[in-house]
Amino acid sequence: MTDRYGRNIRYLRLSLTDRCNLRCRYCMPAEGVALCTHEDVLRYEEIVQIARAALALGIDTFKLTGGEPLVRRDVPALVSALKALPGTRQVTLTTNGLLLGDQLDALVAAGLDAVNVSLDTLDDAQYHALTRRDYPVAGVLDAVRAAARVLPVKINAVLLPETADQWVPLARLAADPGVDVRFIEQMPIGKGEADPAVSADRLLAALRAVWPDLAPCAERRGNGPAHYYRAAALSGRIGCIDAVSHKFCAACNRLRLTCTGMLRPCLCYDDGVDLRTLLRGGAGPDALQAAIEAAIAAKPEAHCFAACHGSEQTMNTIGG
Ligand code: SAM
Ligand code: SF4
């Protein structure tokens, strides 16, 4: 469906939980956040009902996110239910990778199309400081390698001043076939700690010192706002998601569903449409579709990051 600014909305991020086994500094406060109750969270059948209504409006691409989606039980069952809906084009997942190794086979068997793994540094000390937990990076890398043998993999790294020495080692992961590495400018959203912004231009300058032939690729990859570069020595691509320094709202194709059923047209604003109340009040497919259309109609023209830091939402509830 096209919104009032002519954007074709076809991508829905589905947050499965607000819980997480990490506490990344830019995403959540150290003490965590007030968690939703089991009853508050949409059941898988409810998520599938919403996805079916979204498909009728041309939204055919679903990304499972969180919190950490893999802390929720039986994610493969949801993947196969979404893949079985007529018209579904793609179901993908974004994860911190800690539980990916154990669940990979079941996710692939369920039909998962691709996975994004969030990893901001390869240095254990930095990783522990950033995530406020002491898991080893090696476990995440093992999961990335296993996933890359069976699925397209993208590594997502938030650009932070203290990980500047890691940008080149992270980008080198794109030397493995099937792995793209994307760098994301930190967005000043919610209650995570905001660092001074590092721009994608600074990243590109650092990478070009090692790969002088790093050049933009013409082809479009994935469903998102990243723009991509390649160098002869890297078989995968380097992506940049520079929402802060280069607003890309004119090409935004997405909606976000929180784990409690709020459908949010833009990650920057708290407004949304409460689909859970509708569903639990007995709304049928037509009413659900009308509510999704209303969310699309309310999609703002652009984010306004200055307004969203300190908002009540946190990245773990809106799904990144
Ligand atoms: N736990 C999963 C993960 O880390 O991939 C899924 C949820 S997480 C909120 C989704 C993405 O949002 C991650 O790639 C994370 O790095 C990114 N993210 C979280 N807070 C951010 C912020 N303030 N600015 C930019 N990206 C952020
Ligand atoms: Fe958890 Fe992902 Fe947020 Fe990190 S970015 S705290 S892994 S939800």
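Read the numbers this way: they start at 1 and go in the same order the structure lists the ligands and their atoms. For the single chain, residues carry numbers from 1 onward in sequence order.
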- Using a strict 4.0 Å cut-off to heavy atoms of Thr65, name the atoms of ligand 1 that fall inside it. 6 (C), 7 (C)
- Message: Does any N or O of ligand 1 fall below 3.5 Å from an N or O anywhere on Pro69, backbone included?
- Response: no
- Note on the structure: The side chain to side chain contact (heavy atoms under 4.5 Å, CB included) partner of Leu16 among Ile47, Val71, Leu70 is Ile47
- Message: Working to the nearest 0.5 angstrom, can you tell me the gap between Leu82 CG and Gln90 CD?
- Response: 12.5 Å
- Message: Against the six-membered ring of Tyr228, is Arg237 placed for a cation-pi contact (under 6.0 Å from the centre, within 45° of the normal)?
- Response: no
- Purely on distance, is any nitrogen or oxygen of Cys27 under 3.5 Å from one on ligand 1? no
- For Ser118, counting its heavy atoms only, list the atoms of ligand 1 lying under 4.0 Å from any of them. 3 (C), 4 (O), 5 (O), 13 (C), 14 (O)
- Query: Is there at least one pair of N or O atoms, one from Arg13 and one from ligand 1, spaced under 3.5 Å apart?
  - Reply: no
- Message: Show the atoms of ligand 1 that are less than 4.0 angstrom away from any heavy atom in Val158.
- Response: 16 (O), 26 (N)
- Message: For Asn116, which part has a heavy atom under 4.0 Å from ligand 1: side chain, backbone, both, or neither?
- Response: neither
- Report, in ascending order of atom number, the atoms of ligand 1 lying under 4.0 Å from any heavy atom of Gly67. 1 (N), 2 (C), 6 (C), 7 (C)
- Between Asn96 and Cys20, what is the shortest heavy-atom contact and its length? ND2-SG, 3.8 Å
- Query: Counting from 1, what ligand 1 atoms have a heavy atom of Glu185 closer than 4.0 Å?
  - Reply: 25 (C)
- Enumerated ligand 2 atoms positioned under 4.0 Å from heavy atoms of Cys20: 1 (Fe), 6 (S), 7 (S), 8 (S)
- For ligand 1, which atoms, with element, lie under 4.0 Å from some heavy atom of Thr94? 2 (C), 5 (O), 6 (C)
- Query: Gly67 near ligand 2, heavy-atom distance under 4.0 Å?
  - Reply: yes
- Worked check of side-chain contact (heavy atoms from CB on, under 4.5 Å) between Arg23 and Thr131: CA-CA 5 Å; Arg23 289 286 177 278; Thr131 62; over 6 Å; no
- Query: Sequence neighbours excluded, which residues qualify as ring pair (Phe, Tyr, Trp, His ring centres under 6.0 Å) partners of Tyr127?
  - Reply: none
- Heavy atoms, side chains only, cut-off 4.5 Å: are Asn116 and Thr92 in contact? no
- Message: Please enumerate all residues that pass salt bridge (Lys or Arg N to Asp or Glu O under 4.0 Å) together with Glu39, with sequence neighbours excluded.
- Response: Arg280
- Query: Counting backbone and side chain alike, does Cys24 bring an N/O/S atom below 2.8 Å of atom 3 (Fe) of ligand 2?
  - Reply: no
- Task: Ignoring angles and geometry beyond distance, decide whether Asp120 reaches within less than 3.5 Å of ligand 1 through its nitrogen or oxygen atoms.
- Result: no
- Query: Checking side chain to side chain contact (heavy atoms under 4.5 Å, CB included) against Leu255, which of Leu14, Ile59, Val273 comes through?
  - Reply: Ile59
- When you check the gap from the basic side-chain N to the acidic O, do Arg276 and Asp40 get nearer than 4.0 Å? yes
- Task: Examine Gln186 against ligand 1 and note whether any of their N/O atoms are separated by less than 3.5 Å.
- Result: no
